[in-house]
Amino acid sequence: MSKITIIGAGLAGSLLAIDLAKRGIAVDVFEARGDMRTEAVDAGRSINLALSDRGIAALREVGMDEYMLAEAVPMTGRMIHDAAGGTKLLPYSGRTGEYINSISRGGLNIALINEAEKYDGVTFHFNERCTDVNIDACQATFSSGSSVDAQAIIATDGAGSAVRRSLDLRFDDLISTSVFLDHGYKELHIPPASGNSFQLEKNALHIWPRHQFMMIALPNFDGSFTCTLFLAKERPTGELSSFAALSDHTSVTQFFAREFPDALELMPTLVEDFFTNPTGDLGTMKCWPWSVGNILLLGDAAHAMVPFYGQGMNCAFEDVRVLSELIDMQSEATAQIDWRSIFTEFSSIRKPNTDAIQDMAQDNFYEMRDATADPVFQRKRELETKLEQTFPDYFSKYSMVTFREDLPYAVAKERGNAQDKLLMDICSDPENVGHLGLDKIIALIRNLHA
Ligand code: FAD
């Protein structure tokens with residue numbers, strides 16, 4: 001029986017453990033934190049996440065999709081909140097049944113660990129922080145001083161991957177670059193109303209776009225919302241505010257009263273939350289190669305991205321699905337798994353696609369904080385919705401990324417960018433859509449891809 005070491009029992013590592021165990025591959029999973037099922041450990045960044053089709057497809061492979069969706073709140077569109085407190089819903093898709101799902105990070109992680117532990121070959125080792133890997137011996141060393149030899153090591157230890165750092169030190173060819181935004185993020189809280197009812201529209205992802213900064217809110221199962229404020233860390237010239245400038249009770253309250261008055265009314269613990277909760281960093285990390293010998297980086301360890309397309313976890317789950325397809329293909333051909341060749345093939349298939357979603361996630365920051373408040377962008381979203389309602393085989397860029405697990409991210413990016421440019425041009429004049437008509441517009445789009 002093959003024995004694999006997984007470093008990191010976060011979202012990708014736990015799903016990967018199930019996936020490998022289902023194929024009869026034994027796994028040891030080493031996790032730096034304590035067991036989140038029995039100890040109050042921080043589940044990591046962002047309390048809730050948007051789960052969409054690529055992630056659902058990977059959960060389906062291990063029979064966990066329906067179970068997880070039962071614990072999620074569907075979000076059918078973006079609810080835009082303007083500065084005067086007005087709202088407008090921009091649906092994510094013109095087709096029925098296409099929506100994203102707000103899910104608890106901790107709940108999902110626990111469900112995946114529980115499921116993985118049902119398999120005989122899976123063992124979790126908590127409070128085991130990997131500090132180093134030896135490439136030639138395929139050996140991982142931990143802060144406790146212990147070490148383990150493995151047939152292969154898969155590092156799912158997240159954006160700050162210790163395995164990646166260790167490879168970086170020992171393997172001259174590894175190139176990794178991290179680009180951090182000037183903006184950071186902070187999570188805040190809107191509690192449920194009486195009877196666990198929602199104080200804002202339940203089935204939407206709420207956005208307060210304010211050009212230089214923005215706040216979003218995702219619903220939780222208990223009727224609360226988790227808000228995330230994205231704001232410059234320091235105040236660059238011309239910026240209205242920054243985390244550094246919001247240094248006391250008065251400045252925080254005045255900022256929220258000016259920028260998010262409708263949300264402020266619903267946030268009784270705002271000031272306490274603001275000063276208790278950490279300010280997180282936002283960055284894109286690209287590296288290459290992802291595999292050295294029998295060691296592979298996967299998920300955020302290989303391609304951390306900013307969260308503005310809601311795809312980091314979905315992409316990491318898609319990594320797991322693609323890797324297991326490659327294992328299946330090789331297992332059909334030979335009894336002995338050649339991990340090195342699988343890892344090399346996996347990396348070359350995934351890299352163009354993860355580059356594409358990392359770039360789109362970065363671009364979407366500007367779309368969310370600026371464009372969602374822009375009338376041309378709003379007209380374009382309305383046109384895209386009408387096109388999807390009228391021509392079900394038309395997919396906007398957002399739909400291709402979010403609802404088409406059959407379409408590689410790189411294809412979604414190329415087609416989506418071409419469509420976006422055309423539609424933004426058309427929508428720059430409010431009369432154009434009426435003049436051209438939907439039939440002519442769809443013909444122009446089809447011509448782009450001919
Ligand atoms: P992680 O979830 O980071 O897991 C890494 C695990 O490794 C952790 O358990 C950690 O404790 C462990 N670990 C770390 N170092 C070591 C070590 N040295 N030894 C052993 N264990 C170690 N994605 C979406 O798809 N949708 C969203 O809506 C979304 N929203 C987000 C919002 C925010 C604010 C942020 C920051 C991210 C968001 N993401 C979202 C991205 C998503 O969180 C990540 O892409 C996802 O968590 C990646 O999973 P992972 O398992 O690769 O890494």
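Reckoned from all heavy atoms, side chains included, excluding hydrogens, waters and symmetry mates. Indexing begins at 1, ligand by ligand and atom by atom, following the structure's order. We're numbering straight along the sequence, starting at 1.
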K.L.:
Can an N or O of Ala316 be found at a distance shorter than 3.5 Å from an N or O of ligand 1?
P.N.:
no

K.L.:
Quick one: sort the Phe30 and His125 rings into parallel, tilted or perpendicular, breaks at 30° and 60°.
P.N.:
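Parallel, since the angle between the ring planes stays under 30°.
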
K.L.:
Using a 4.0 Å heavy-atom cut-off, which part of Gln311 comes near ligand 1: side chain, backbone, both, or neither?
P.N.:
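Contact part for Gln311 vs ligand 1: backbone (N, CA, C, O).
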
K.L.:
Do ligand 1 and Asn314 have nitrogen or oxygen atoms that lie under 3.5 Å from each other?
P.N.:
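Yes, since at least one N or O of Asn314 sits under 3.5 Å from an N or O of ligand 1.
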
K.L.:
Taking a cutoff of less than 4.0 Å between a non-hydrogen atom of the residue and any ligand atom, is Arg105 in contact with ligand 1?
P.N.:
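Yes, Arg105 has heavy atoms under 4.0 Å from ligand 1.
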
K.L.:
Between Lys233 and Asp281, does any NZ, NE, NH1 or NH2 come within less than 4.0 Å of an OD or OE carboxylate oxygen?
P.N.:
yes

K.L.:
What part of Phe30 sits under 4.0 Å from ligand 1 if we count only heavy atoms: the side chain, the backbone, both or neither?
P.N.:
backbone

K.L.:
Do any nitrogen or oxygen atoms of Ile7 come within less than 3.5 Å of a nitrogen or oxygen of ligand 1?
P.N.:
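No, no N or O pair falls under 3.5 Å.
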
K.L.:
Closer than 4.0 Å to some heavy atom of Gly8 - which atoms of ligand 1 meet that?
P.N.:
7 (O), 12 (C), 21 (N)

K.L.:
Would you call Glu128 a ligand 1 contact, heavy-atom distance under 4.0 Å?
P.N.:
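Distance cut 4.0 Å: Glu128 passes for ligand 1.
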
K.L.:
List every atom of ligand 1 that sits less than 4.0 Å from any heavy atom of Gly10, numbering the atoms from 1 in the order shown and giving each element.
P.N.:
4 (O), 6 (C), 9 (O), 51 (O)

K.L.:
Hey, does Cys130 come in under 3.5 Å of ligand 1, counting only N/O atoms on both sides?
P.N.:
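By distance alone, the answer is yes.
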
K.L.:
Are Asp338 and Arg340 close enough for a salt bridge, meaning some N to O gap below 4.0 Å?
P.N.:
no

K.L.:
I'd like a table of donor-acceptor pairs (distance under 3.5 Å, sequence neighbours excluded) in which one partner is a side-chain atom from residues 284-297, with atom names and distances.
P.N.:
unit_1 : atom_1 : unit_2 : atom_2 : d
Thr284 : OG1    : Gln362 : OE1    : 3.4
Lys286 : NZ     : Asp359 : OD1    : 2.9
Trp290 : NE1    : Cys287 : O      : 3.1
Asn294 : ND2    : Gln151 : O      : 2.9

K.L.:
Taking only residues at least two apart or on different chains, which pairs with a member in residues 305-323 satisfy salt bridge (Lys or Arg N to Asp or Glu O under 4.0 Å)?
P.N.:
Arg54-Glu318, Glu318-Arg321, Glu318-Arg350, Asp319-Arg350, Arg321-Glu325

K.L.:
Quick one: does Thr156 get within less than 4.0 Å of ligand 1, heavy atoms only?
P.N.:
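Under 4.0 Å: yes for Thr156.
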
K.L.:
Does any N or O in the side chain of Glu98 come within less than 3.5 Å of the main-chain N or O of Phe403, such that one atom is a donor and the other an acceptor?
P.N.:
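No, the answer is negative, given that no donor and acceptor are paired below the 3.5 Å cut-off.
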
K.L.:
Tell me the nearest of Ala50, Ala159, Ser143 to atom 28 (O) of ligand 1, using heavy-atom distances.
P.N.:
Ala50

K.L.:
Atoms of ligand 1 less than 4.0 Å from Gly299 heavy atoms?
P.N.:
52 (O)

K.L.:
Taking the inter-plane angle between the rings of Phe198 and Phe225 on a 0 to 90° scale, is it parallel (under 30°), tilted (30 to 60°) or perpendicular (over 60°)?
P.N.:
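The rings of Phe198 and Phe225 stand perpendicular, inter-plane angle above 60°.
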
K.L.:
Would you confirm whether Lys186, through its side chain, and Phe274, through its main-chain N or O, come within 3.5 Å as a donor-acceptor pair?
P.N.:
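Yes; judged by distance alone, with no hydrogens or angles, the pair exists.
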
